[in-house]
Amino acid sequence: MNRILVGSLLFCLILAVLNGGCGGAGAGGKVAISGTVTLKGQPLDRGTVTFTSVDPSKQLMAGAQITNGKFSIPADQGLPPGRYRVRFSAPAGGPQVAPGEAPGDSSVVAEERIPPEWGAQSTQEVEIKPGQSSAMFEFNIP
């Protein structure tokens, strides 16, 4: 299997495990999260956003697909108040299958459009404050 497919499946599995056992809607004081994302001044056409707890004693994570510069995470899949590291991913195109290769076996990996400081090596953080029923963020990626 190619690395992008494996990475996407792993991301979905992690989200399912972390969100699956957390109770019903609004359980644990979770907050709905939404926002906008621009890349180089334009709405990000497609990608993903992931929020991960900065506190090492908490293993909290939520994520969403970005479409036309917007994302939304409902409260039952959201996060409780706290500080979170934000990471983005938006591969350009997809893996190319060379002649003789089976689909899914491509050795070519799609290029990431998001700068590392906003992606895999992100230093970006946000805070969800106590008492919020929803949190909206605006991200402008250079």
Side-chain angles (χ1 to χ4, degrees), residues 1-98 101-142:
M1 252 191 263
N2 70 45
R3 288 182 234 165
I4 291 177
L5 180 58
V6 171
S8 296
L9 291 173
L10 182 58
F11 174 76
C12 291
L13 178 62
I14 289 170
L15 286 178
V17 169
L18 291 176
N19 286 324
C22 296
K30 292 181 182 180
V31 172
I33 304 167
S34 62
T36 60
V37 183
T38 60
L39 176 63
K40 298 179 182 176
Q42 299 298 314
L44 183 60
D45 58 341
R46 60 181 167 67
T48 59
V49 59
T50 307
F51 296 85
T52 308
S53 179
V54 172
D55 183 345
S57 69
K58 297 179 181 176
Q59 295 183 2
L60 301 171
M61 180 184 205
Q65 294 289 321
I66 301 165
T67 305
N68 298 322
K70 297 181 180 181
F71 68 90
S72 181
I73 303 171
D76 65 332
Q77 296 174 15
L79 294 164
R83 292 201 58 76
Y84 296 91
R85 170 104 357 101
V86 185
R87 291 182 177 90
F88 298 89
S89 179
Q96 303 298 314
V97 179
E101 282 186 321
D105 288 339
S106 176
S107 58
V108 179
V109 178
E111 181 180 335
E112 179 62 66
R113 297 183 290 162
I114 303 297
E117 63 273 14
W118 287 82
Q121 301 165 3
S122 178
T123 58
Q124 311 306 313
E125 293 183 9
V126 296
E127 182 176 7
I128 298 173
K129 297 182 180 180
Q132 287 183 284
S133 61
S134 65
M136 182 160 180
F137 300 104
E138 183 177 311
F139 301 100
N140 299 305
I141 303 170

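Note that these values count all heavy atoms, side chains included, but never hydrogens, waters or copies made by symmetry. Position 1 is the first residue of the sequence; numbering continues from there. Small disclaimer: the values here were computed from a predicted structure and weren't measured.
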S.K.: Could you list the residues that satisfy side chain to side chain donor-acceptor pair (under 3.5 Å) with T36, not counting sequence neighbours?
M.R.: none

S.K.: Tell me the closest heavy-atom pair linking P43 and G69, and the distance in Å.
M.R.: CB-CA, 3.9 Å

S.K.: Out of R87, E125, K58, Q59, which residue meets the side chain to side chain contact (heavy atoms under 4.5 Å, CB included) rule with T52?
M.R.: R87

S.K.: Start with the C-alpha distance between V49 and V86, add both sets of side-chain angles, then the distance that settles side-chain contact (heavy atoms from CB on, under 4.5 Å), and finish with yes or no.
M.R.: CA-CA 7 Å; V49 59; V86 185; 3.7 Å; yes

S.K.: Quick one about S57 and D55 (side-chain donor to acceptor, distance below 3.5 Å, no hydrogens or angles considered), yes or no?
M.R.: yes

S.K.: Applying side-chain contact (heavy atoms from CB on, under 4.5 Å), run through K30 and D76 and close with a yes or a no.
M.R.: CA-CA 7 Å; K30 292 181 182 180; D76 65 332; 5.9 Å; no

S.K.: What donor-acceptor contacts under 3.5 angstrom involve side-chain atoms of residues 131-142, with partners at least two apart or in another chain?
M.R.:
from : atom 1 : to   : atom 2 : distance (Å)
Q132 : OE1    : K129 : N      : 2.6
Q132 : NE2    : S134 : O      : 3.4
E138 : OE2    : N140 : ND2    : 3.4
N140 : OD1    : T38  : OG1    : 2.8

S.K.: Report the residues that fulfil side-chain contact (heavy atoms from CB on, under 4.5 Å) with Q121, sequence neighbours left out, ordered by chain and then residue number.
M.R.: P116

S.K.: Can you check whether F71 reaches T48 side chain to side chain, under 4.5 Å on heavy atoms?
M.R.: no

S.K.: Measure the shortest side-chain to side-chain distance between R113 and L39 over non-hydrogen atoms and say whether it is less than 4.5 angstrom.
M.R.: yes

S.K.: Do L60 and Y84 have side chains that get closer than 4.5 Å, going by heavy atoms?
M.R.: yes

S.K.: Which atom names give the shortest non-hydrogen contact between A64 and S72, and what distance separates them?
M.R.: CB-O, 3.8 Å

S.K.: Rounded to the nearest 0.5 Å, how far does OG1 of T67 lie from CG of L44?
M.R.: 9.0 Å

S.K.: With heavy-atom distances below 4.5 Å as the criterion, would you say the side chains of V31 and L79 are in contact?
M.R.: no

S.K.: Strictly by modelled atom types, are S89 and E112 linked by a side-chain donor-acceptor pair under 3.5 Å?
M.R.: yes

S.K.: Do R46 and I66 have side chains that get closer than 4.5 Å, going by heavy atoms?
M.R.: no

S.K.: Can you find a heavy atom in the side chain of R83 that is under 4.5 Å from one in the side chain of V126?
M.R.: no

